[in-house]
Amino acid sequence: MDKVKNLLEITFFARGGQGAKTAAEILAQGAVSEGKFVQAFPSFGPERSGAPIQTFLRVSNREVRTHEPVLNPDVVVVLDDTLLKTENITRNLKKDAILIVNSVKTAEELSRQLKFFGKIHAVDADGISLKIIGQLRPNTVILGKIIRIARVAKLESIQKEFRKIFAKKLGKEICARNMEAIKKAYDNP
Amino acid sequence: MTDKKIALTGAMAAAEALRQLDIDVFSVYPITPQTPIIEAFAKMKSEGNTAAEIIQVESEHSALSACVGASASGARTATATSSQGLALMNEILYIVSGLRLPILMVVSARALSAPINIHGDHSDVMGARDSGWIQIFSENSQEAYDNTLIGMKLAEKTSLPVMSIMDGFNTSHSVENLEILRDETVRKWVGDFTPENSLLNHKNPVTFGPLVLPNSYFEFKIDQEKTINEAVNEYGKIAKEFEQLSGRKKDCFEQYRMADAREAIVLSGSAAGTAKEAVDKLRASGKKAGLLKINLFRPFPRREVARALAKVPKIAVLDRSQSMGTFPPLYTEIVNSLFPVASYKSRVISYVYGLGGRDIFQTDMEKVFEELEKGKTENRIKYIK
């Protein structure tokens, strides 16, 4: 969190249907349960599945009043690494910003590809979700990584919010596997 | 009595308000970005958390027509729409206000076709500004919740329809912190809806919507206009009550650091928060910037606005819609309001921003203040692109 601004700003790059909006909302609710102020909002293009979208998240110790999109994020999360070729991910990315990418590539490979030499964290969220959940749920896995790296909220708060939203819809077993997947990404920084 | 502190999108906050208001009928047709409002409400219904009858129809014209029947029968009635949906309701908007039906409409404001665009601006609600509906704008999720509650009570107190307006996507799809009143608090405050006349009161049969000839139509319309003008006072009373209930300040407009302002921005909706950040930044460097955020757009609080702006030398009015062929709606209201202020010599500049979901940034607001300060005023519409 930026000490001066008292604010943490995250931008998600994803494709419609990948669940970036849901991920941002779970993070927001987790932070709210810990007494933080938040704002989570999507920026849709043509509003269709598969199209590139951005979602923004602000977490602060004071009321968030602005409604402008996040311009200079502290953290950028990329849920689909094919977007690295088409979207200008590193635009406005501060030198001390953190990049979290769902990719099978290593951080070094991504750094060379993007010519971004700040902190990069690569996580194979697709692979982990297929292995543990048995479904393609990169947005679930990436939650663990984001809270470990950016400290948006505690692991327990995020798991609690996830259960609140999905327990009924997914059933006990699948929900438990999602919890495990979040923890797996959390435990492997 | 502790209120609940949570985070919701503006759409879900409005749905929660509708549930707490214990509405009888919700007649709707889905359209982006209103859909999350009716999805949230339908979920409440499916989980048994509201007894409201949800009427699904084949168009917005029918949605509002069904509201007419429900409201005239004495039901507490609401609907929700956006953009083309509101445009399609246009014929019925005038019927609702003319019949003096207290229908509440939540609007997630969006651009109008053509060209087609699903994103936020105020073109849809501004197209309905002369239809006899009260219009209240919201800045964020909290206000979308508050104004939906206030709107229903105001509608029933004045027998006039009310639009509770939030910015499509900017507010409707943005998760933000808010405080929710307790169900009992809301129910007690809003009370039961007992209309003076209703179609189902067989002891006092009445006709709604009779033919009125040239000998009395004119008088009817003058009476209707008098009623909506007087609603400024009723809004004031209800806003005060709500302020005591919630601890949140409510008024026709919000004055943010306006006491000694030399340059002021006037606007409505979600851009207000962004403007407040700009005001704070400029104030920190010694500038005298201020913001007047209009909440009640219809009836327009002309006298109060004139008083608030009378001593401000330079004013920029930011509209998120156009009035094709002349100056945009909010600018026109501000100029009209200031016209009777004799000592008024300042210049008011018109800016248009945010059409079709175009983002507006804090730096845009700062630039407007800078232009005001430098006195670069021109008698033409400027566009913040």
Side-chain angles (χ1 to χ4, degrees), chain A residues 4-7 9-12 16 20-48 51 53-72 92 152-153 157-158 160-161 164-165 168-169, chain B residues 4-12 32-33 35-36 43 46-47 116-120 138-142 166-179 256 267 269-281 291 293 320 353-354 357-366:
Chain A
V4 184
K5 286 194 294 177
N6 220 334
L7 179 68
E9 294 181 302
I10 304 182
T11 300
F12 292 78
K21 182 171 162 276
T22 308
E25 287 181 8
I26 291 171
L27 291 169
Q29 295 294 354
V32 168
S33 73
E34 294 175 14
K36 294 280 202 296
F37 290 90
V38 298
Q39 190 181 62
F41 58 106
S43 168
F44 292 123
E47 207 189 34
R48 61 164 192 259
I53 64 142
Q54 286 182 52
T55 287
F56 306 104
L57 173 65
R58 292 189 167 99
V59 181
S60 178
N61 291 324
R62 67 176 186 94
E63 186 193 355
V64 180
R65 296 185 302 185
T66 185
H67 277 99
E68 67 178 16
V70 170
L71 269 182
N72 302 296
N92 296 330
V152 177
S157 310
I158 296 302
K160 198 174 150 206
E161 291 305 323
K164 217 189 266 177
I165 301 171
K168 219 166 146 189
K169 195 172 162 188
Chain B
K4 223 165 103 189
K5 290 185 183 183
I6 52 173
L8 293 175
T9 60
M12 290 170 83
T32 300
T35 25
K43 188 161 182 275
S46 74
E47 289 169 355
I116 191 165
N117 175 294
I118 58 159
H119 292 276
S138 300
E139 179 185 331
N140 48 34
S141 291
Q142 180 73 70
M166 70 183 94
D167 286 7
F169 288 105
N170 304 98
T171 302
S172 65
H173 286 58
S174 184
V175 177
E176 297 176 325
N177 303 66
L178 73 158
E179 288 180 28
Y256 188 74
L267 55 72
S270 65
T274 314
K276 285 174 188 170
E277 294 293 342
V279 167
D280 283 0
K281 189 178 165 194
L291 169 75
K293 180 187 79 179
R320 204 177 177 182
Y353 75 98
R358 181 68 57 88
D359 293 321
I360 185 157
F361 294 92
Q362 188 183 326
T363 49
D364 295 320
M365 300 290 184
E366 289 166 17

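Note that this is a predicted model, so its numbers are computed, not measured. Here is how names work: the chains are called A, B, and so on, in the same order as the sequence lines, proteins then strands, and each is numbered from 1.
Contacts between A/L71 and chain B at a heavy-atom distance below 4.5 Å involve the side chain alone, from C-beta outward. Interface residue A/Q39: backbone and side-chain heavy atoms are both found under 4.5 Å from chain B.
Of the listed residues B/D359, B/T171, B/D167, the one with more heavy-atom pairs under 4.5 angstrom with chain A than any other is B/D359.
We find that A/K21 and A/E25 are joined by a salt bridge, their nearest charged nitrogen and carboxylate oxygen being less than 4.0 Å apart. Using a 4.0 Å cut-off between charged nitrogen and carboxylate oxygen, B/K276 and B/E139 count as a salt-bridge pair.
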Show the numbers, then the answer: is there a side-chain hydrogen bond (donor to acceptor under 3.5 Å, both in side chains) between A/T66 and B/E277? CA-CA 7 Å; A/T66 185; B/E277 294 293 342; over 6 Å; no
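With hydrogens and angles ignored, the 3.5 Å screen pairs a side-chain donor or acceptor of B/R320 with a backbone N or O of B/G120.
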